[in-house]
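Contents: one structure, followed by commentary.
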Amino acid sequence: MCGIAGYVGSRDAAPLIVDCLKRLEYRGYDSCGIAVVDSHGMFVRKSVGSLDAFREAIEAASPAGSVGIGHTRWATHGKVDQRNAHPHLSCDGSIAIVHNGVINNADRLRVQLTREGHTFASDTDSEVIAHLLEQGVKDGASFERAFLALPEQLLGTYAVLAMSRDSEVVLAMRKGSPLVVGIGDGEYFPASDIPSFLPNTSRVVYLGENEGFVLSRNGMERLDLEGDRVVHRADLPASQFVNLSPESISKGGFEHFMIKEILDQASGLERLIQGAPDLIGDVVPVLRDARDIIFVGAGTSYHACLFGEYLFASVVRRHVDAIVSSDFEHHAELLDSHSVVVALSQSGETLDTLEAVRMAQDRGARTIAVTNGELSSMARLAQHVIPLFAGPELAVAATKSYTAQLAILALFGEGLANQRPSAVGRPLWQAHDALFNLTSEAARHHTREVARELLGAPAVFLTGRGRHYVTALEAALKLKEVAGLRAEALHGGEMKHGTLALIEDGTPAIHFFDEQESPRTEVAASELKSRGARIISVGPRPLASSDQHIRVDDAGIATPIVQVIPMQILAYELAKLKSMDPDRPRNLAKSVTVP
Ligand code: GLU
């Protein structure tokens with residue numbers, strides 16, 4: 001969360017940084033701001049609202065300077081207003097910082113700095129960083145020396161860019177939060193994530209934790225201490241070229257990233273079916289030899305973990321635990337070198353999941369990261385990495401990364417169940433073919449009609465049993481986050497244990513099922529219909545009580561992959577009918593890098 005981006009080079013920094021921030025908008029869009037420095041001083045501008053409006057203001061001001069830093073915020077401390085927008089400044093305005101993360105000891109530092117005479121202009125935790133640097137300089141340190149003192153002073157997580165009015169350089173450091181530097185031809189692009197600078201360069205350096213770096217027109221160097229003296233070292237982490245085209249991070253003619261990504265799923269699945277089995281071959285023995293297996297993830301990735309739990313029980317006949325990342329610490333004590341933890345995260349930067357991988361490794365467990373962020377912190381930390389083959393996912397709501405996670409887990413399951421290779425691929429190819437029908441213009445039109453019927457409904461209930469309950473959970477999450485609809489997933493077998501009390505006349509109830517589950521679903525739907533519910537069925541054939549039906553044929557082990565597609569489209573279409581931006585759900589952001 002929060003996107004930070006900077007520029008050091010010889011072009012005009014301000015418009016470049018705004019463009020870089022625009023490509024990080026999925027990380028936060030509460031407010032934005034930039035600071036640019038040249039030999040005459042520092043220009044700072046912040047704004048609440050869209051980066052498009054901000055860009056116009058910046059173009060009008062056309063600040064000089066080819067060194068700068070910028071930020072697009074997802075607030076953790078302090079409400080969404082201009083005061084709390086980054087960059088934050090020192091009292092005398094000579095130092096500017098942008099920050100992604102949470103400073104746990106900010107309150108104590110604020111008291112201490114206030115006692116030392118500092119005045120705070122915002123309610124953020126981040127602002128302490130600017131004052132700590134100012135105090136360091138006041139106490140006689142150089143700007144760089146004061147910057148290198150931050151790890152001793154700050155508790156928590158941070159990716160920080162800092163700039164001083166007195167020098168045209170950007171200082172960079174990270175701990176816990178992601179920070180990379182794009183290396184161009186005589187120019188540098190520090191940023192939270194690669195898409196930020198991709199049209200400018202695909203050469204990237206990943207910064208190690210708590211190492212300070214200085215970016216200037218003369219180059220990028222690592223800051224080191226010899227005694228109390230700061231020295232510049234040329235030994236940088238190795239750079240890599242990333243294989244992402246600028247088109248893969250653009251909307252490519254689509255109205256929103258979300259629909260582009262929904263429609264991307266067929267080609268992603270094709271790449272996965274062709275590329276993943278070889279990689280999975282390496283981890284199947286690791287899973288087979290494990291005494292216990294834990295799947296860990298947050299949000300949509302947690303739903304994928306639950307799918308894995310059902311799948312391993314029914315296909316592999318192995319018990320696995322699916323655990324929400326933020327709860328992992330309660331289970332960590334049970335792990336040892338006979339355990340395997342499979343961590344699922346789209347970005348590979350989700351803080352709680354990353355923490356779970358660390359805890360697992362501390363206990364000697366083997367770790368497998370299943371992630372779209374092949375070069376992410378998690379991918380670099382885990383012992384095995386299985387990519388999702390999905391390509392960049394920039395809409396806040398996860399779509400193609402979810403179905404790719406399910407496909408990878410299906411391949412794990414079938415690998416462990418010792419199926420013949422043909423049996424592994426067949427249901428996935430079946431799902432792949434079904435994706436074309438489910439995303440056709442006719443199917444979308446039909447789903448739009450279902451969405452129209454949901455307009456005005458105060459709430460919707462979604463039910464299913466077993467793995468269909470997982471689809472209900474994920475579909476409910478999409479409707480909540482994208483379309484702002486109160487959507488509650490209820491286990492199909494639990495209806496009579498209390499939840500039927502919620503059903504009123506006209507309450508929409510969406511049922512997920514396959515052939516095998518259809519008799520029980522018939523009964524459950526009829527019981528709901530008798531109490532006034534409006535029945536929407538999602539399965540191979542309509543139920544006797546269906547008011548509306550979305551046809552999704554069985555695809556064996558891959559059925560949950562296809563079942564969720566119309567629900568992603570439903571959430572998207574409903575958001576549009578409600579004039580909401582499907583790519584920018586209220587209060588949310590992608591890549592949850594804060595606790
Ligand atoms: N804690 C900072 C703020 O609230 C940064 C938040 C973040 O990185 O998401 O402004």
Side-chain angles (χ1 to χ4, degrees), residues 1-6 17 20-21 23-35 44-49 51 54 69-90 95-110 113 120-133 150 153-162 172-180 190-193 196 207 209 298-299 325-326 345-355 376-377 396 584-595:
M1 293 185 157
C2 277
I4 65 180
I17 293 171
C20 289
L21 290 176
R23 289 184 286 267
L24 289 180
E25 223 180 357
Y26 62 89
R27 301 179 65 91
Y29 32 81
D30 289 343
S31 60
C32 53
I34 61 164
V44 181
R45 182 67 62 89
K46 314 181 195 192
S47 155
V48 177
L51 267 160
F54 187 64
I69 57 179
H71 192 267
T72 177
R73 181 169 185 241
W74 188 86
T76 66
H77 291 63
K79 60 182 193 220
V80 177
D81 60 18
Q82 188 136 335
R83 289 169 59 246
N84 290 329
H86 299 218
H88 291 291
L89 305 180
S90 56
I95 292 171
I97 66 100
V98 290
H99 165 231
N100 163 218
V102 167
I103 305 301
N104 295 334
N105 58 339
D107 288 347
R108 199 175 53 70
L109 288 169
R110 190 180 265 259
L113 287 157
F120 282 78
S122 79
D123 304 321
T124 64
D125 52 338
S126 314
E127 192 185 344
V128 296
I129 301 172
H131 296 282
L132 283 173
L133 294 175
L150 289 177
Q153 298 167 306
L154 300 177
L155 297 177
T157 57
Y158 42 86
V160 184
L161 300 180
M173 187 188 291
R174 67 172 282 257
K175 185 192 144 211
S177 304
L179 188 57
V180 295
S192 300
D193 201 359
S196 165
L207 305 190
E209 295 225 324
S325 308
S326 50
S345 165
Q346 188 284 130
S347 63
E349 300 292 350
T350 308
L351 191 68
D352 289 333
T353 315
L354 204 49
E355 211 33 59
S376 62
S377 305
V396 168
R584 298 172 17 136
R586 186 176 58 173
N587 297 337
L588 297 178
K590 207 170 182 72
S591 200
V592 184
T593 57
V594 292

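As the structure lists them, so they are numbered: ligands from 1, and atoms in each ligand from 1. Worth knowing before you read on, the calculation uses all heavy atoms, side chains too, and leaves out hydrogens, waters and symmetry mates. Position 1 is the first residue of the sequence, and the numbers go up from there.
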Ligand-residue contact atoms, ligand 1 with S126, heavy atoms, under 4.0 Å: 1 (N), 2 (C), 3 (C), 5 (C), 10 (O)
For D125, the option from T76, N105, L154 that meets side-chain contact (heavy atoms from CB on, under 4.5 Å): T76
Please verify the inter-ring angle class for F120 with H131; under 30° counts as parallel, over 60° as perpendicular, anything in between as tilted. tilted
Test side-chain hydrogen bond (donor to acceptor under 3.5 Å, both in side chains) on E349 and S376; report intermediate values, then the result. CA-CA 6 Å; E349 300 292 350; S376 62; 4.8 Å; no
C2 neighbourhood, listing ligand 1 atoms whose heavy-atom distance to it stays under 4.0 Å: 5 (C), 6 (C), 7 (C), 8 (O), 9 (O)
Have a look at H77 and tell me which of D107, V102, N84, D123 forms a side-chain contact (heavy atoms from CB on, under 4.5 Å) with it. V102
Atom indices of ligand 1, in the order listed, that fall short of 4.0 Å to a heavy atom of H99: 5 (C)
Which of the ligand 1 atoms, numbered from 1, are nearer than 4.0 Å to a heavy atom of D125: 1 (N), 2 (C), 3 (C), 4 (O)
Does an N or O from T124, backbone or side chain, lie closer than 3.5 Å to an N or O of ligand 1? no
Can you list the steps and then say if D193 with Y26 is a side chain to side chain contact (heavy atoms under 4.5 Å, CB included)? CA-CA 11 Å; D193 201 359; Y26 62 89; 2.5 Å; yes
Mind checking whether R27 has a heavy atom under 4.0 Å from ligand 1? no
Tell me whether G101 has any N or O atom under 3.5 angstrom from an N or O of ligand 1. yes
Where does T76 meet ligand 1, judged by heavy-atom distances below 4.0 Å: at the side chain, the backbone, both, or neither? both
Between W74 and ligand 1, does any nitrogen or oxygen pair lie at a separation below 3.5 Å? yes
Would you compute the distance between atom CG of L24 and atom OG1 of T72 and round it to the nearest 0.5 angstrom? 8.0 Å
Could you walk me through whether H88 and H99 satisfy the side chain to side chain contact (heavy atoms under 4.5 Å, CB included) test, starting with their C-alpha distance in whole Å, then the side-chain angles of each, then the deciding distance to 0.1 Å, before giving a yes or no? CA-CA 9 Å; H88 291 291; H99 165 231; over 6 Å; no
Atoms of ligand 1 close to H77 [distance to a heavy atom under 4.0 angstrom, numbered from 1]: 4 (O)
